[in-house]
Amino acid sequence: MNKIEHIGIAVKDLEKSNELFAKLLGKPHYKTETVESEMVRTSFFQTGESKIELVEASNPDSAIAKFIEKRGEGMHHIAFEVDDIEKEIARLFSEGFEPTGSSKTPFRGADNKLVFFFHPKTTNGVLIELCQEIK
Ligand code: ZN
């Protein structure tokens, strides 16, 4: 795995949180994007070589809505950049890590990335995202 590509933060109100994080980081977000398959709206801030991704549920059935219901707003996942996502997924499966869903293949996430998630129950309570830039 390479650098921490971004840290995902679950928020209730993307517009309000965009303002808050713009104050915190001293710069505005540079994009907003809806990911229909995940039922979320996201926004991104560049912080050095990593990013902050704010994630808001666009539907009450979204995993983000359930996360906020249970644990409130806050840190949701850490995303690592990888060069070969299929290879890293296979490696983590062989090490006994379990995915969040039943699929074993990466899918298209926000920010022009192929992504895949490993369940926090097998990773010390931290939801792990792998992401690879789509070229
Ligand atoms: Zn993410």
Side-chain angles (χ1 to χ4, degrees):
M1 293 196 203
N2 303 332
K3 67 181 183 185
I4 292 177
E5 213 281 331
H6 64 268
I7 291 180
I9 297 173
V11 303
K12 283 183 185 164
D13 182 327
L14 197 63
E15 276 66 40
K16 270 192 195 159
S17 295
N18 278 340
E19 280 176 32
L20 188 147
F21 274 83
K23 271 186 221 164
L24 181 76
L25 302 171
K27 60 176 104 175
H29 66 285
Y30 65 90
K31 76 157 131 183
T32 307
E33 197 178 333
T34 299
V35 185
E36 301 288 355
S37 62
E38 294 293 285
M39 297 181 279
V40 295
R41 289 205 310 139
T42 65
S43 67
F44 286 88
F45 294 79
Q46 190 75 45
T47 51
E49 64 169 14
S50 301
K51 297 166 191 161
I52 296 291
E53 175 189 29
L54 302 183
V55 194
E56 176 201 65
S58 60
N59 181 307
D61 292 331
S62 156
I64 291 293
K66 286 171 188 150
F67 176 90
I68 289 176
E69 212 171 277
K70 241 196 250 172
R71 298 169 63 172
E73 294 180 294
M75 231 195 79
H76 180 257
H77 63 274
I78 296 182
F80 293 98
E81 178 189 86
V82 298
D83 296 323
D84 184 340
I85 195 165
E86 309 267 0
K87 201 171 136 193
E88 277 303 296
I89 290 169
R91 186 180 71 79
L92 294 185
F93 276 133
S94 77
E95 296 285 3
F97 296 102
E98 291 174 23
T100 49
S102 50
S103 169
K104 294 194 169 184
T105 51
F107 59 95
R108 200 184 177 101
D111 201 28
N112 196 41
K113 301 274 197 302
L114 275 178
V115 301
F116 194 79
F117 290 91
F118 283 91
H119 200 284
K121 74 182 176 196
T122 57
T123 56
N124 265 182
V126 183
L127 176 61
I128 301 292
E129 173 183 346
L130 303 182
C131 59
Q132 181 187 344
E133 184 104 42
I134 298 169
K135 286 177 182 145

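Note that ligands are numbered from 1 as they come in the structure, with each ligand's atoms numbered from 1 the same way. Residue numbers count from 1 along this sequence. Heavy-atom basis, side chains included; hydrogens, waters and symmetry copies ignored.
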- Main-chain N/O of Val40 paired to Ser58 side chain as donor or acceptor, under 3.5 Å: yes
- Query: Excluding waters, which protein N, O or S atoms are within less than 2.8 Å of the Zn ion (ligand 1)?
  - Reply: His6 NE2, Glu53 OE1, His77 NE2, Glu129 OE1
- Looking at side-chain heavy atoms only, is the closest gap between Phe118 and Leu127 below 4.5 Å? no
- Check whether any side-chain heavy atom of Ile4 lies under 4.5 Å from a side-chain heavy atom of Ile78, and answer yes or no. yes
- Geometric cation-pi criterion, Lys51 with Phe45: 6.0 Å, 45°: no
Would you mind writing out the side-chain donor-acceptor pairs for residues 20-31 within the sub-3.5 Å range, not counting sequence neighbours?
unit_1: Lys27; atom_1: NZ; unit_2: Gln46; atom_2: O; d: 2.9
unit_1: His29; atom_1: NE2; unit_2: Thr32; atom_2: OG1; d: 3.3
unit_1: Lys31; atom_1: NZ; unit_2: Asp111; atom_2: OD1; d: 2.6

- Message: Distance alone, cut at 3.5 Å: any donor-acceptor contact between the side chains of His77 and Glu53?
- Response: yes
